Visitor: 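This is the structure I have questions about; it appears just below.
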Amino acid sequence: MPTNQTTTGSLLTALCPDLRTALTRVRYDADTLVEVLGADVHAALGRSEPVPVRRAARDAGELGTLIRLLLLGDALPEHDVAAALAPVGIEHAVAAGLLARDGDLVRAALDLRPLDVGVGTRWILSDLDDSMHRRTLTEEHVLGVGHASLSLLRATPTRRVGSVLDLGTGCGVQAVHAASYADRVTATDVNPRALWLAEATAALNGLDIELLEGSWFEPVAGRRFDQVVANPPFVVGPARIEHTYRDSGLALDGASELVISRAPGLLAPGGTAAMLSAWVHVDGEDWRQRVSSWLPAHGVEAWVVQRDVADPALYVGTWLRDAGLDPRDPAAQARAEQWLDALTSADVEGIGFGFVYLRAIDGPTELLAEDLTHGFDDPLGDEATAYFERSAWLRAAARDENLAWSSRFAVDPATALERVYLPGEDGWAQQVARLHRGDGPRWQHEVDESTIALVAGMRADGMPLYELIELLAVAHGSDEVTKEFMADALSVVAGLVRHGLVRPV
């Protein structure tokens, strides 16, 4: 870290227009990297295997020089780097903290890589990680675009909004993403070095982002935003801070509890939040109840999606490696012992991880917490927006049942009926029938024959729900529709609407 960060930060920001010119001229962008390296070598880059990348970069001219310098961390001759980075001067780049001298050679002092966040290439500055060279990360280390960041990018709603808050911005990647769909972006962080790099990242991409230093919610006290995004230091463990990008100083899942409980107060009416979070699975306790207890009693709707549950030993080992530690090292083993002792003493059986979506509503708090551990391809951002829209319709229908009974429904084009048969004594025997959504989160609902018949009758220009229920009752030999039959049918339809398998029209 530079000794005078304010001065160095100003130099780095001032360097960014020329740096952007160089990166554009050499075509140091996401698409060209794949084109030049090829899919297989680009995959090797993602696996932290430098040799195939270095071999491919040798014949890529000045772009190859930047690939070796910025992505592989190679020390290179100054004249080669100067040519590739022109009009950036080497002395200016060293003074700004972008480059460092290594004897007669020059190497990168920061990580600078292109990323396509859905609106073309953006360049992201961060600290060097240990993907290509072994290094132990410092407490103030500013993480680049890791798996968690990418997950949140893909899971964030991008409908146009007025204002976005990126809480705990780090290198600024979420804020840069938000600038593509928001009129105004505010980003906060407790780490001055993170704000230094986020400022440079914004300047490098020609973006105007408000950057505020402070802990948690202090920098934006009293303000409201149309959307909040947060990738907080959610790592579950003892109450300590070894790395500010992941450790909160709060015990167990205290960071997630703090953010989930306080984020609703940052939302403007109708505002939404998209956050990464983690929660412990405690012996004898339902994780859904745990997360539910963090929400206020009024004014928010929450959709909590659990993507994975990790065994404590696997969890601790993963995060030790994330910090550049070798689990075979005695010091790392001692740290693992302390970490696992803290989890064991709290009766932690597993650590859940996933997304938390919030929306400000006028009414009692509602929560749906569900597992989504199967694979799917579509990002969740658009699905979260659609989920809240469907949920709003269901709330209106709950207030006025006539809305549901008089509505017509259509089956989503991606919905399919699946029947599973196994061989039996008299031939094939059906074991289960499911309605399966083929896009988005790929939800599945097990259904009976009555539900199959009901859904089969749904048409945009067809009969309203009540008439479909009457026909279904007659088909089952009943002359009248009982209240119990109606309630059961309405509950089934509500579940299908909530997950987008059918929709009101």
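It should be emphasised that the depicted structure is a prediction, and the values quoted were computed from it without experimental measurement.
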Visitor: With a 4.5 Å limit on heavy-atom distance, are the side chains of Asp127 and Asp111 in contact?
Guide: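 In short, these two side chains do not touch, never coming nearer than 4.5 Å.
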Visitor: Who pairs with Glu418 by salt bridge (Lys or Arg N to Asp or Glu O under 4.0 Å), at least two apart in sequence or on another chain?
Guide: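 Expected list: none.
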Visitor: Which residues pass the salt bridge (Lys or Arg N to Asp or Glu O under 4.0 Å) test with Glu62, sequence neighbours left out?
Guide: Arg25
Visitor: For residues 150-158, which side-chain donor-acceptor pairs fall under 3.5 Å, sequence neighbours excluded?
Guide:
unit_1: Ser151; atom_1: OG; unit_2: His147; atom_2: O; d: 2.9
unit_1: Arg154; atom_1: NH2; unit_2: Asp377; atom_2: O; d: 2.7
unit_1: Thr156; atom_1: OG1; unit_2: Leu152; atom_2: O; d: 2.6

Visitor: Return the set of residues passing salt bridge (Lys or Arg N to Asp or Glu O under 4.0 Å) with Glu210 (not counting sequence neighbours), or none when no residue passes.
Guide: Arg223
Visitor: Show me the pairs that pass ring pair (Phe, Tyr, Trp, His ring centres under 6.0 Å) and involve residues 156-190, at least two apart or across chains.
Guide: His177-Tyr181
Visitor: Tell me, please, which residues at least two apart from Arg390 pass side-chain hydrogen bond (donor to acceptor under 3.5 Å, both in side chains).
Guide: Glu383
Visitor: Please round to the nearest 0.5 Å and tell me the distance separating atom CH2 of Trp287 and atom CD of Glu349.
Guide: 15.0 Å
Visitor: Not counting sequence neighbours, which residues clear side-chain hydrogen bond (donor to acceptor under 3.5 Å, both in side chains) with Asp439? List them please.
Guide: Arg437
Visitor: For Arg68, what residues pass the salt bridge (Lys or Arg N to Asp or Glu O under 4.0 Å) criterion, not counting sequence neighbours?
Guide: Asp74
Visitor: Phe353: which residues meet the ring-ring contact (aromatic ring centres under 6.0 Å, His included) condition with it, sequence neighbours left out?
Guide: Phe234
Visitor: Could you work out, with ring-ring contact (aromatic ring centres under 6.0 Å, His included) as the rule, every residue matching Tyr387, not counting sequence neighbours?
Guide: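 Trp303.
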Visitor: Show every ring pair (Phe, Tyr, Trp, His ring centres under 6.0 Å) that has at least one partner inside residues 201-230, sequence neighbours left out.
Guide: none
Visitor: What pairs with Trp443 under ring-ring contact (aromatic ring centres under 6.0 Å, His included), at least two apart in sequence or on another chain?
Guide: His499
Visitor: I'd like to check Ser277 versus Phe355 (side-chain heavy atoms, cut-off strictly below 4.5 Å). Are they in contact?
Guide: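 Side-chain contact under 4.5 Å: no.
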Visitor: According to the interplanar angle, ranging from 0 to 90°, do the rings of Tyr315 and Trp339 count as parallel (below 30°), tilted (30 to 60°) or perpendicular (above 60°)?
Guide: perpendicular
